[in-house]
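Here is the structure we will look at, set down as structure tokens.
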Amino acid sequence: MNQHPQRPPAPAPVAMVATPDEARKFAENLMDIMSALLGVIEREIELVRAGKLREAMALEPTKTDFSRRYVGAVRQLRTSQKYLSQTTPELLVALHRHHDAFRAMLQINLTVLATARAVSESIVRGVNSEMQLRNIPSTYTSTGRRAAPGPRHLTPLAVSRRL
């Protein structure tokens with residue numbers, strides 16, 4: 001049986017902003033979404049820096065929801081950019097400024113998460129190395145060098161990704 005993986009549904013068409021009032025409401029909504037997402041990201045950074053990874057991971061559904069809403073709003077912005085630049089350029093400038101601050105905070109978040117991952121990987125590798133050293137017999141070759149352990153002496157390390 002030849003099965004093909006299902007593709008995700010195509011995104012729904014995005015409504016274009018058509019009036020100055022809609023433009024203001026759209027801009028307020030986009031800024032609110034970015035602010036809310038930044039709040040979640042800032043909290044995540046605090047928790048990761050404090051080593052409270054379980055609590056930081058609990059924020060993931062909220063972060064995903066705000067991210068989905070943000071992507072939808074950005075799609076609408078792209079669709080409406082020409083209209084916004086012609087009718088309400090000051091809103092577009094304000095959105096760009098707010099978005100620049102948003103991107104800077106996202107970069108900090110990515111850096112913190114990458115650092116936490118690197119540190120945790122280093123710890124796991126260190127623990128694994130110590131375990132392997134304890135399981136390897138101390139034997140030497142006829143030339144007086146330490147013998148390389150065989151595969152039967154290496155013990156795999158299992159790590160659960162769930163906290």
Side-chain angles (χ1 to χ4, degrees), residues 1-132 156-163:
M1 183 186 276
N2 190 7
Q3 291 183 351
H4 298 286
Q6 290 184 351
R7 292 184 191 161
V14 179
M16 194 171 112
V17 173
T19 67
D21 189 43
E22 283 182 13
R24 292 198 191 294
K25 286 179 184 175
F26 168 75
E28 288 173 7
N29 182 47
L30 181 54
M31 285 189 201
D32 288 346
I33 291 170
M34 283 192 283
S35 296
L37 185 53
L38 278 178
V40 173
I41 288 170
E42 287 172 350
R43 181 71 182 136
E44 180 182 50
I45 289 171
E46 290 172 12
L47 292 170
V48 169
R49 284 182 175 163
K52 299 178 180 180
L53 300 180
R54 185 181 309 246
E55 292 175 39
M57 288 174 61
L59 295 173
E60 194 64 30
T62 305
K63 187 176 168 184
T64 300
D65 179 51
F66 282 125
S67 296
R68 189 175 298 120
R69 291 172 54 195
Y70 169 75
V71 168
V74 168
R75 286 182 58 223
Q76 187 175 10
L77 176 65
R78 287 186 181 141
T79 307
S80 307
Q81 189 160 6
K82 184 176 179 182
Y83 176 80
L84 291 171
S85 64
Q86 291 172 349
T87 59
T88 55
E90 71 283 351
L91 277 179
L92 208 51
V93 169
L95 284 173
H96 280 292
R97 254 187 281 130
H98 200 72
H99 191 261
D100 288 342
F102 179 74
R103 278 195 332 216
M105 187 54 107
L106 283 179
Q107 189 59 46
I108 291 169
N109 178 258
L110 291 173
T111 302
V112 167
L113 293 177
T115 301
R117 180 180 177 157
V119 167
S120 64
E121 282 182 7
S122 175
I123 290 169
V124 169
R125 288 181 196 282
V127 167
N128 186 40
S129 294
E130 287 297 317
M131 282 179 48
Q132 298 308 325
L157 175 67
V159 178
S160 171
R161 290 186 176 251
R162 294 189 83 153
L163 293 178

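Only this structure's heavy atoms are used, side chains among them; waters, hydrogens and symmetry mates stay out.
- Residue Leu37 comes nearest to Phe66 through the heavy atom pair CD1-CB, 3.7 Å, listed as atom of the first residue, atom of the second, then distance.
- Nearest approach of Val40 to Lys63, heavy atoms of both residues: CG1-CB, 3.9 Å.
- In this structure, Lys25 and Asn29 have side chains that are not in contact, with every pair of non-hydrogen atoms separated by 4.5 Å or more.
- In this structure, OG in Ser35 is found 11.5 Å from CD in Glu28, a value given to the nearest 0.5 Å.
- Residues Leu53 and Leu47 form no side-chain contact, since every pair of their non-hydrogen atoms from C-beta on lies 4.5 Å or further apart.
- The residues Arg97 and Asp100 are annotated as not salt-bridged, no charged nitrogen and carboxylate oxygen being separated by less than 4.0 angstrom.
- Rounded to the nearest 0.5 Å, atoms OG1 (Thr79) and CD (Gln81) are 10.0 Å apart.
- The two atoms that bring Ser120 and Arg117 nearest to each other are OG-O, 2.9 Å, heavy atoms only.
- Contact record, Met31 with His98: O-NE2, 3.6 Å, taken as the closest heavy-atom pair.
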**Study point:** Full working for side-chain contact (heavy atoms from CB on, under 4.5 Å) between Met105 and Ile45
**Key:** CA-CA 10 Å; Met105 187 54 107; Ile45 289 171; 4.2 Å; yes
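- Expressed to the nearest 0.5 Å, how far CZ of Arg103 lies from CE of Met34 amounts to 11.0 Å.
- Evaluated for a side chain to side chain contact (heavy atoms under 4.5 Å, CB included) with Ile41, the options Asn109, Ile108, Leu113, Leu59 yield exactly one hit, Asn109.
- Minimum heavy-atom separation, Ile33 to Ala73: CD1-CB, 4.2 Å.
- A distance of 5.0 Å separates CZ in Arg24 from CG in Leu91, rounded to the nearest 0.5 Å.
- Under a 3.5 Å cut-off, the side chain of Ser85 and the backbone N or O of Lys82 do form a donor-acceptor pair.
- Ring-plane geometry between Tyr70 and His99 is classed as parallel, the angle between the planes falling under 30 degrees on a 0 to 90 degree scale with a further cut at 60.
- Val48 is not listed as a side-chain neighbour of Glu46, based on a closest heavy-atom distance of 4.5 Å or more.
- Taking both residues in full, the closest heavy atoms of Val17 and Ser80 are given as N-OG, 2.8 Å, listed atom of the first, atom of the second, then distance.
- The backbone N or O of Ala118 lies less than 3.5 Å from no partner atom in the side chain of Ser122, so there is not a single donor-acceptor pair.
- Counting heavy atoms from C-beta outward, Val112 and Glu44 have side chains that stay 4.5 Å or more apart.
- Between the side chain of Thr19 and the backbone N or O of Glu22, at least one donor-acceptor pair lies under 3.5 Å.
- Considering CG of Leu84 and CZ of Arg78, their distance stands at 13.5 Å, rounded to 0.5 Å.
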